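A, B, ... follow the sequence lines: proteins, then strands. Residue 1 opens every chain. Computed from a predicted model, the values in this text were never measured in an experiment. All heavy atoms count here, side chains included; hydrogens, waters and symmetry mates do not.
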Amino acid sequence: MNILQYLINGISIGSVYAIIALGYTMVYGIAKMLNFAHGDVIMVGAYICYCVTVYLGLPVLAGVLLSMVVCTVLGITIEGLAYKPLRGTPSLAVLITAIGVSYFLQNAAQLIWSSNPKSFTSIVSNMKPLHLFGSLTITGEVIVTVAVSVVIMIGLTWFTSSTRIGKSMRAVSEDRDAAQLMGINVNRTISITFAIGSALAAVAGVLMCSSIPVLMPTTGSMPGIRAFTAAVFGGIGSIPGAMLGGILLGIIETFAKAYLSTQFSDAIVFGVLIIILLVKPAGLLGKQVQEKV
Amino acid sequence: MSMLKIEDIHVYYGAIHAIKGVSFEVNEGEIVALIGANGAGKSTILKTISGLMHPRQGTINFCGENITHTEACKLLPKGLAQVPEGRRIFLQMTVQENLEMGAFIKKTVNPDDLDMVFQYFPRLQERRKQVAGTLSGGEQQMLAMSRALMSHPKLMMLDEPSMGLAPILVDQIFDIIKELHKAGTTILLVEQNARKALQIADRAYVLETGKITLSGTGAELAKSDEVRKAYLGG
């Protein structure tokens, strides 16, 4: 029965990684950049939700919605101020800028909220855990996390495959110049991508801090790196790949912690990543399209 | 009346002076060909007209409007479409989705427009749901042209439509260019296949290393000794 319990916990934390990984993968696919500040947007989202519910005493739903709004604006602002001026410059310049933005957000959070950890109240604190077969416990957090991530995945898949804007995002991701010749405004498409990715980061932040209730300015950095790994694992640029990669990473991490070593769990996760990439360099669902001449 | 007027443009790739003062025009209802060897700058000129690159000097006017520094994505709504070199269709999207992207500026896809392109290219109708990357080279060229047609452009610029195609397909593509022209589309054609291009062009310009060296009607150029030696194999 233990195995099943670990599997459930792994899927739960993996769902959070998957939501974060979606932000990495969409931005990479469309803007062709690694937004290393993405993890810190998660942290900002969690702090906003914390402030709204604790300081303003508003209901949880208001906290989640407001943190999504703030993160969306933050994402668009970061893109417009830090990344857009660098469009067309070598990708290394953008990468370093992203790392700079990451530190900027962490330090700003430290100034505003201090570096003392805050104890985050779970958004589903009043939900009773389910007990199945005696020993199996499914907490409210697990149920909500998995349900929300399933809804997000279905929603995003529908959006990119069936809507005009979603399809134009796929077009930009495949060939930016050709998309412009279709009259698609690439700058606006990139802004929309950042907006969606950052709103998802806010959701991920709230879900993650509901399961692991310690909130600090550095809260987002390690999950951010793990989710980035998940995106590469699944095939960066691929939306289903990010979902699969996130969930697999969560499961591997949980099993590694349970059966092998808590301290070495990250090393094991990255070890598995290296092996997968040796076998499939483009990731599990990475695009390997052959061009016909 | 001149629909597209290019005056003394200079285009650079970094420090490389690729286009050195080119001027030409395309009148409404014409087929104009731009011929020249590899590296002469033909594609660069098209990219500059369609806003993917910008000239350092000179002006580009389209339908009386100065578009020298207009962003690429704003030109299709004005009626200027480009079928780029190497087709550049969206390989991971279906044929239908590619056509929808061609009609992106129209918000909704008009079924009549789909019928129109399927009339020109019945093969595409059969392959509507197929992913574009699985099409043959000729079909991909057809899709690239159809995609550009979806917005009903006034001027269609075609960059090397015959590249990499079997002679029979080249004939088909050129027949369709003639049909499009008859239906009222003005055409600017960039080609390495000078013989084919001069056959259908009303007027043509010869480009050599960033400069226009000759111009005239298609028939005149096809007879000229210089063109015959350099581009038509004697």
Side-chain angles (χ1 to χ4, degrees), chain A residues 25-26 28-32 84-85 87-90 157-193 234-242 282-283 285-293, chain B residues 43 46-47 49-53 70-94 96-109 131-141 144 147-148 150-151 153 156-157 159 163-165:
Chain A
T25 228
M26 286 172 71
Y28 180 81
I30 286 159
K32 300 284 177 263
K84 196 174 165 188
R87 209 156 288 154
T89 60
T157 308
W158 171 81
F159 177 73
T160 52
S161 65
S162 306
T163 67
R164 176 172 164 267
I165 300 293
K167 285 179 194 172
S168 74
M169 286 168 73
R170 280 161 58 212
V172 172
S173 124
E174 205 182 308
D175 190 331
R176 195 184 279 191
D177 281 352
Q180 293 196 68
L181 293 177
M182 302 296 110
I184 297 169
N185 186 331
V186 169
N187 282 331
R188 191 163 59 205
T189 310
I190 292 176
S191 295
I192 295 172
T193 311
I236 191 133
S238 153
I239 288 178
L285 303 181
K287 296 162 186 164
Q288 279 159 322
V289 180
Q290 291 182 339
E291 282 187 41
K292 273 205 176 139
V293 193
Chain B
S43 294
L46 281 205
K47 279 187 199 161
I49 299 171
S50 59
L52 292 173
M53 296 180 72
T70 308
E71 281 174 82
C73 65
K74 306 229 161 90
L75 288 173
L76 193 65
K78 297 185 197 296
L80 180 63
Q82 189 190 341
V83 182
E85 185 181 6
R87 297 138 203 164
R88 305 286 284 269
I89 53 170
F90 303 114
L91 295 170
Q92 291 165 42
M93 300 174 91
T94 64
Q96 166 98 22
E97 284 174 331
N98 268 278
L99 295 173
E100 286 172 20
M101 288 299 104
F104 180 82
I105 56 168
K106 300 207 148 185
K107 313 278 190 233
T108 53
V109 179
V131 174
T134 64
L135 299 179
S136 72
E139 288 163 346
Q140 293 192 1
Q141 183 61 46
R147 189 177 63 172
M150 288 296 287
S151 63
M156 191 148 143
M157 304 192 290
D159 196 347
M163 191 169 67
L165 298 184

**Student:** Measuring heavy-atom distances to chain A, does B/E97 have an atom under 4.5 Å in its side chain, in its backbone, in both, or in neither?
**Tutor:** side chain
**Student:** Less than 4.5 Å to any heavy atom of chain A: does that hold for the side chain of B/I89, its backbone, both, or neither?
**Tutor:** backbone
**Student:** Out of A/V186, A/D177, A/N187, A/I184, which one racks up the most heavy-atom pairs below 4.5 Å with chain B?
**Tutor:** A/I184
**Student:** With respect to chain A, which residue among B/K74, B/M101, B/Q82 yields the maximal number of heavy-atom pairs within a distance under 4.5 Å?
**Tutor:** B/M101
**Student:** Could A/R164 and B/E100 be called an ion pair, given the rule that one side-chain N must be under 4.0 Å from one carboxylate O?
**Tutor:** no
**Student:** If you count every heavy atom of other residues, nucleotides or ligands that lies below 6.0 Å from A/R188 atom CZ, does the total exceed 12?
**Tutor:** no
**Student:** Examine whether an atom of B/L75 lies under 4.5 Å from a heavy atom of chain A, and if so say whether it belongs to the side chain, the backbone or both; otherwise answer neither.
**Tutor:** neither
**Student:** For B/F90 and B/R147, run side-chain contact (heavy atoms from CB on, under 4.5 Å): C-alpha distance rounded to whole Å, both residues' side-chain angles, the deciding distance at 0.1 Å, then the answer.
**Tutor:** CA-CA 10 Å; B/F90 303 114; B/R147 189 177 63 172; 3.4 Å; yes
**Student:** Can you tell me how far the OG1 atom of B/T70 sits from the NZ atom of B/K78, to the nearest 0.5 Å?
**Tutor:** 5.5 Å
**Student:** Thinking salt bridges, do B/E85 and B/K47 make one under a 4.0 Å N-O criterion?
**Tutor:** no
